[in-house]
Student: 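Here it is, the structure in full.
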Amino acid sequence: MGRAAKPLLHPEKEWIEAIRETLLDWYDKNCRDLPWRKNKDPYRIWVSEIMLQQTRVDTVIPYYERFMSTFPTLESLAEADEEKVIKAWEGLGYYSRARNLHSAVKEVVEQYGGEVPQEPDSISRLKGVGPYTAGAILSIAFDRQVPAVDGNVLRVLSRLIASWEDISKNATRRKMEELDKMLIPEDRPGDFNQALMELGALVCTPLSPSCNTCPVRALCKARKQGVESELPIKAKGKPPVPAKVTFGWIRKGDFVLIHRRPTEGLLAGMWGLPTVDDKPSESAPGETIKEMMSRLGFQLELGAILGEMEHLFSHRRWYVTVVEALCSDYDQLSPENYHWVKESELSTYAFPNVYRKAIKLIHKNQRNPQGIQGRLF
DNA sequence: GATGCGTGGGC
DNA sequence: TGCCCAAGCAT
């Protein structure tokens, strides 16, 4: 309130020059030695940019190394089975990234002879390549003067020009792209874009930025106005929606039944325990899983409640009941959608986070037959 | 423009 | 501990 909301969209030439020189000089001395910075192979850059979407560098590095060993070239990824690609992605989250990347790489082979297209319009049409990723690949791999505005750049630029606009809005991102365009030097577009991101990651951090060691502190309007800790403005998201779900724990000897989830929605296409959403009105836990199984064409007898737990996604809060069940006509299960896996290997076949927690809970309760442990509600 | 989509780390 | 966040994109 009462703040000037108008960002500096026509910065002075001297300011632009100073930002460029200072930032590039700082980047030359301080840029991290990251595996995707070994060379400018557009495929390597591409994979890194997809993995880094909403994901921290430290988390990405081991996945990236493994992925590049498994699929060292664009062609090798294009030829791979989707199953194998998803497997390599397992644990990283946002699995549509992997499916889109796989699909896009195949398109590059088919439509562009295996060469990553260098035109903004062409590369932006590839699945999973949005404004940021297109700009990142074009500037880093091909030295094109194209903006690459991610969360870091939004924050850094907001502070540099003391902008009070909400960075969660699309319109703000577009304005910042215009500003970035004015800043990117002709000779080193990729380094400059990375320098902005690197500054955001290492110095101009969301909480308590290290202004005292910042190379561009003398050029920063927010710093000059003493409002660096108030910026950027970012509207808060909605709280996770609560939902009750039931996991079926269906055994055959040493094996446990897993199924493939629907190809759309939460954890799309991932293997996991049979899962149903409980309708709030229904009382008996597990009743709906029986309904689901019978709808799919086989009978099920419900057993004990093995445990209850809570799991938090960014947008959903799951209250989970794990129910033991006995299936009498296993042979009707379609192998396309159902697998029997060894219990000991379940956490590597299935979704490696929610289910790991569930399995731990189940084992704990099996060791304590006198009563359910870990009851949360 | 708003919403759905994962996970792990930091305070 | 319960949030907030981290190199976004598709719909």
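Letters A, B, ... are given to chains in the order of the sequence lines, protein chains preceding strands, and every chain is numbered from 1. Every value quoted in this text rests on a predicted model; they were computed, and no experiment measured them.
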Student: For B:dG1 versus C:dA10, give the span between their C1' atoms, rounded off to a whole number of Å.
Tutor: 14 Å
Student: Between residues 45-68 of chain A and DNA chain B, which residues have a heavy-atom gap below 4.0 Å?
Tutor: A:Q54, A:T55, A:R56
Student: Roughly how many Å is it from CZ in A:R97 to C1' in B:dG4, rounded to a whole number?
Tutor: 14 Å
Student: Between A:K175 and A:E178, does any side-chain N to carboxylate O distance fall below 4.0 Å?
Tutor: no
Student: Answer with yes or no after comparing the ring centroid distance for A:W36 and A:Y64 against a 6.0 Å cut-off, counting only values under it.
Tutor: yes
Student: Considering only C:dA6, C:dC9, B:dA2, which nucleotide approaches the side chain of A:P206 most closely?
Tutor: C:dA6
Student: C1' atom, B:dC5 versus C:dA6: distance in rounded Å?
Tutor: 15 Å
Student: Measuring only the P atom in each nucleotide, how far is B:dG6 from C:dT11? A whole number of Å is fine.
Tutor: 14 Å
Student: Nearest whole angstrom, please: distance from the C1' of C:dA6 to the CG of A:L199.
Tutor: 16 Å
Student: Quick one: do A:W249 and A:L257 satisfy side chain to side chain contact (heavy atoms under 4.5 Å, CB included)? Show the steps, please.
Tutor: CA-CA 7 Å; A:W249 183 248; A:L257 185 70; over 6 Å; no
Student: Measure from the side-chain heavy atoms of A:D150 and tell me the nearest of C:dA6, C:dG8, C:dA10.
Tutor: C:dG8
Student: In terms of side-chain heavy atoms, does A:Y112 have a donor or acceptor partner in A:E107 at a distance below 3.5 Å?
Tutor: no
Student: Between P on C:dC4 and CD1 on A:I233, what's the gap in Å once rounded to a whole number?
Tutor: 15 Å
Student: Hey, which sits more toward the 5' end of DNA chain B by its nearest nucleotide, A:L207 or A:K169?
Tutor: A:K169
Student: Send over the distance from A:I167 CD1 to B:dG1 C1', rounded to a whole Å.
Tutor: 17 Å
Student: Between A:K234 and A:N100, which is nearer to the 5' end of DNA chain C once each is assigned its nearest nucleotide?
Tutor: A:K234
Student: One thing to verify: whether A:R44 and A:D41 come together as a salt bridge, which I'm taking to mean a side-chain N less than 4.0 angstrom from a carboxylate O.
Tutor: no
Student: Would you kindly give the CH2-to-P distance between A:W89 and B:dG8, to the nearest whole Å?
Tutor: 15 Å
Student: CD1 of A:I86 versus P of B:dC5: gap in Å, rounded?
Tutor: 15 Å
Student: Quick check: on DNA chain C, is the nucleotide nearest A:Q194 upstream (toward 5') of the one nearest A:S124, or the reverse? Name the residue that is more 5'.
Tutor: A:Q194
Student: Please report, rounded to the nearest Å, how far the P atom of C:dA10 is from the CZ atom of A:R173.
Tutor: 11 Å
Student: Let me know, please, whether A:A171 or A:S96 comes out on the 5' side of the other along DNA chain B by nearest nucleotide.
Tutor: A:A171
Student: Between C:dA10 atom P and A:R125 atom CZ, what is the distance in whole Å?
Tutor: 13 Å
Student: For a quick check of understanding: with a heavy-atom distance under 4.0 Å over all strands, which category does A:W36 fall into, base, sugar-phosphate or nothing?
Tutor: base
Student: Within the 3.5 Å criterion, strictly below it, is a donor on A:Q145 or A:S139 matched to an acceptor on the partner's side chain?
Tutor: no
Student: Can a donor-acceptor pair be found between the side chains of A:S210 and A:T213 at a distance below 3.5 Å?
Tutor: no
Student: Among B:dG6, B:dG1, C:dG8, which is the nearest nucleotide to the side chain of A:Y95?
Tutor: B:dG6
Student: Select base, sugar-phosphate, or nothing to describe what A:V153 touches, counting heavy atoms under 4.0 Å on all strands.
Tutor: nothing
Student: Is A:R32 touching bases, backbone alone, or none of the nucleic acid, heavy atoms closer than 4.0 Å?
Tutor: base
Student: Please check if atom CD in A:E115 has more than 12 non-hydrogen atoms from other residues, nucleotides or ligands closer than 6.0 Å.
Tutor: no
Student: Does OP1 or OP2 of C:dA6 have a side-chain N or O of A:R155 closer than 4.0 Å?
Tutor: yes
Student: Have a look at A:L34 and say if it touches a base, only the backbone sugar-phosphate, or nothing, with a 4.0 Å heavy-atom cut-off.
Tutor: base
